[in-house]
Q: 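Just dropping this structure here.
Along the sequence shown, residues are numbered consecutively beginning with 1. Remember, it's 1-based here, ligands and their atoms both numbered in the order they're listed. Keep in mind that the numbers below use all heavy atoms, side chains included, and drop hydrogens, waters and symmetry copies.
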Amino acid sequence: MVLTGRRGNLAPFPAHARSACLAMRVLVGGGTGFVGRALTQLLQSRGHEVTVISRQPGKNKITWDELSRTGLPPCEGAVNLSGENVLNPFQRWNESFQQEVVASRVETTKALAKAIAEAEHPPRAWVLVTGVGYYKPSHTTRYTEDSPGGDFDFFSRLVTRWEAAAKIPGDRTRQVVVRSGVVLGRDGGAIAQMLWPFRLGLGGPIASGRQPFPWIHVADLAGIVAHALERDGVTGILNGVSPSAVTTTSGDFAQAMGSALRRPAVLPLPGFVVSAIFGPERSVMLLEGQRVEPKRTLETNYRFVFPDLPSALRDILA
Ligand SMILES: NC(=O)c1ccc[n+]([C@@H]2O[C@H](COP(=O)([O-])OP(=O)(O)OC[C@H]3O[C@@H](n4cnc5c(N)ncnc54)[C@H](OP(=O)(O)O)[C@@H]3O)[C@@H](O)[C@H]2O)c1
């Protein structure tokens, strides 16, 4: 292992999120996506070297086919962020799309876990990002990483299969799962889709606005994954939500968007419209929510860059 002085573009990451540490070679499945780009930038800014696993070949990339043919390239860390975009409004929620949503997560995770298990020199850490859809939506129950979940609807069953696919036998590699909430950032994710109605003054809460809104800034999701890769003691489940997300509702989010953009945010988006666009099963993600705490994440000494919604939105919408 070596210490390098290489630095990438540091702009969105405050100093404490960029502390120098031993350089690793990190393999990132789905590293071309919204979270993957933020993670790559953060890892490179800390002196790590990133190779992306993608469906498309390219510079600093390998394809999933190459991974299955030639096995794991030398690396000290591995991450999987692959997955078909669930909330693509142009995609009907039919059986073939549901199968793609599942396969793009479970099969890529299985392929990477298999390559790690078979590697002569496996990585020290293997991190999978899944979702808080594991926990049953509720206005009142507070969930920590120890809470049960996982077998009541499409998303909870998906997360159960996805996390099971990541398991590798033995203790040669530290295994971490980050259950992420709605990821907020400048270059993609939910905000990109919600921005225009708010900018036009047509934004507002979804349905009653009372449903919990489990959110995280993309810099913190990338930060938690980097923390999990770098910190030797970190293992098991970590909730990837902001500490204040446990009390944030969809109405609070609409209000904070309105004030950050200096626009009214009072026009509610009726639940039946959301259901009509996304279908009843998928609209659960927007019409219901989970009150999730990042209890273990904080216990592992991860320090959030954006612990509250107004500061996160000011950064994103600046
Ligand atoms: N964004 C959120 O709010 C959020 C919330 C909770 C959990 N997550 C999870 O976090 C991970 C990263 O999220 P993200 O927003 O960065 O995702 P994203 O940008 O939509 O996609 C990530 C990458 O997945 C790969 N991918 C897409 N469709 C695929 C398919 N059909 N088969 C195989 N690979 C496919 C693509 O890489 P290539 O084109 O290079 O192959 C893409 O760049 C995902 O697994 C997502 O489920 C995200």
Q: Does a side-chain N-to-carboxylate-O contact under 4.0 Å join Arg186 and Asp315?
A: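 Here Arg186 pairs with Asp315 in a salt bridge, since their nearest N and O are under 4.0 Å apart.
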
Q: Among protein heavy atoms, which sits nearest to atom 3 (O) of ligand 1, and what does the distance come to when rounded to 0.1 Å?
A: Val183 N, 2.9 Å

Q: Where is the nearest protein heavy atom to atom 44 (C) of ligand 1: which residue, which atom, and how far?
A: Leu81 O, 3.4 Å

Q: Is there a donor-acceptor contact under 3.5 Å linking the side chains of His48 and Glu230?
A: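 The answer is yes; a qualifying pair exists.
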
Q: Is there a polar contact between ligand 1 and Val182, counting only N or O atoms under 3.5 Å apart?
A: no

Q: Run the side-chain hydrogen bond (donor to acceptor under 3.5 Å, both in side chains) check on Glu66 and Thr63 step by step: do they pass?
A: CA-CA 5 Å; Glu66 277 173 78; Thr63 62; 3.3 Å; yes

Q: Could you check atom 19 (O) of ligand 1 against the protein and tell me its nearest heavy-atom contact, residue, atom and distance included?
A: Phe34 N, 3.0 Å

Q: Among all protein heavy atoms, pick the one closest to atom 36 (C) of ligand 1 and tell me residue, atom and distance.
A: Arg55 NH2, 3.7 Å

Q: Considering heavy atoms of the protein only, find what lies nearest to atom 37 (O) of ligand 1 and give residue, atom and distance to 0.1 Å.
A: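 Here the nearest protein heavy atom works out to Thr32 OG1, 3.0 Å.
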
Q: For atom 25 (C) of ligand 1, what is the nearest protein heavy atom, given as residue, atom name and distance?
A: Gly83 N, 3.9 Å

Q: Could you tell me which atoms of ligand 1, counted from 1 in the order shown, lie closer than 4.0 angstrom to a heavy atom of Gly33?
A: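 The atoms of ligand 1 under 4.0 Å from a heavy atom of Gly33 are 16 (O), 19 (O), 22 (C), 43 (O).
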
Q: Write out the residue and atom name of the closest protein heavy atom to atom 31 (N) of ligand 1, then the distance separating them to 0.1 Å.
A: Glu100 OE2, 2.6 Å

Q: For Trp162, state whether at least one heavy atom is located under 4.0 Å from any atom of ligand 1.
A: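 Yes, Trp162 has heavy atoms under 4.0 Å from ligand 1.
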
Q: Hey, which atoms in ligand 1 end up nearer than 4.0 Å to a heavy atom of Gly30?
A: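 Counting atoms of ligand 1 from 1, those under 4.0 Å from Gly30 are 22 (C), 23 (C).
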
Q: Can Gly181 be said to touch ligand 1, with heavy atoms closer than 4.0 Å?
A: yes

Q: Considering only NZ, NE, NH1 and NH2 on the basic side and carboxylate oxygens on the acidic side, decide whether Arg179 and Glu163 come within less than 4.0 Å.
A: yes

Q: Looking at Glu293 and Arg142, is any side-chain nitrogen of the basic one under 4.0 Å from a carboxylate oxygen of the acidic one?
A: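 Here Arg142 pairs with Glu293 in a salt bridge, since their nearest N and O are under 4.0 Å apart.
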
Q: How are the rings of Phe306 and His217 set relative to one another: parallel (under 30°), tilted (30 to 60°) or perpendicular (over 60°)?
A: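 Parallel: the ring planes of Phe306 and His217 meet at under 30°.
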
Q: For Ser54, take its heavy atoms, then give the atoms of ligand 1 lying under 4.0 Å from any of them.
A: 38 (P), 40 (O), 41 (O)

Q: Return the residue, atom name and 0.1 Å-rounded distance of the protein heavy atom closest to atom 32 (N) of ligand 1.
A: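 Sorting protein heavy atoms by distance from atom 32 (N) of ligand 1 puts Ser104 CB, 3.3 Å first.
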
Q: So for Gly189, does at least one of its heavy atoms come nearer than 4.0 angstrom to any atom of ligand 1?
A: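 No.
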
Q: Verify the ring-centre separation between Tyr302 and Phe304: is it less than 6.0 angstrom?
A: yes

Q: So for ligand 1, is Ser180 a polar contact partner (N or O within less than 3.5 Å, distance only)?
A: no

Q: Run the salt-bridge test on Arg157 and Asp151 with the 4.0 Å N-O cut-off and return the result as yes or no.
A: yes

Q: Aromatic contact between Phe155 and Trp162, with the criterion being ring centroids under 6.0 Å apart: yes or no?
A: no

Q: Out of curiosity, Arg282 CZ to Leu87 CG, how far, rounded to the nearest 0.5 Å?
A: 6.5 Å

Q: Ignoring hydrogens, what is the shortest heavy-atom contact between Ile168 and Ala117? Give both atom names and the distance.
A: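 Looking at all heavy atoms of both residues, the closest pair is CG2-CB, 4.0 Å.
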
Q: In plain terms, say whether Arg25 and Glu76 are close enough for a salt bridge, that is, a side-chain N and a carboxylate O under 4.0 Å apart.
A: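 Counted as a salt bridge, because a side-chain N and a carboxylate O are separated by less than 4.0 Å.
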
Q: Would Thr130 count as a contact residue for ligand 1, given that I'm defining contact as a non-hydrogen atom of the residue lying under 4.0 Å from a ligand atom?
A: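 Thr130: in contact with ligand 1 (<4.0 Å).
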
Q: Evaluate Glu84 for polar contact with ligand 1, using N/O atom pairs at a separation under 3.5 Å.
A: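 Indeed, backbone or side chain, Glu84 has an N or O that close.
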
Q: Any idea how Trp93 and Phe154 line up, ring-wise: parallel (<30°), tilted (30 to 60°), or perpendicular (>60°)?
A: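 Perpendicular, since the angle between the ring planes exceeds 60°.
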
Q: Does ligand 1 have an atom under 4.0 Å from some heavy atom of Arg105?
A: yes

Q: Out of all atoms in ligand 1, which are within 4.0 Å of some heavy atom of Ser82? Include the element for each.
A: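 Reading through ligand 1 atom by atom, the close ones are 24 (O), 45 (O).
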
Q: Within the 4.0 Å heavy-atom shell around Val129, which atoms of ligand 1 are there?
A: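 It comes down to these atoms of ligand 1: 10 (O).
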
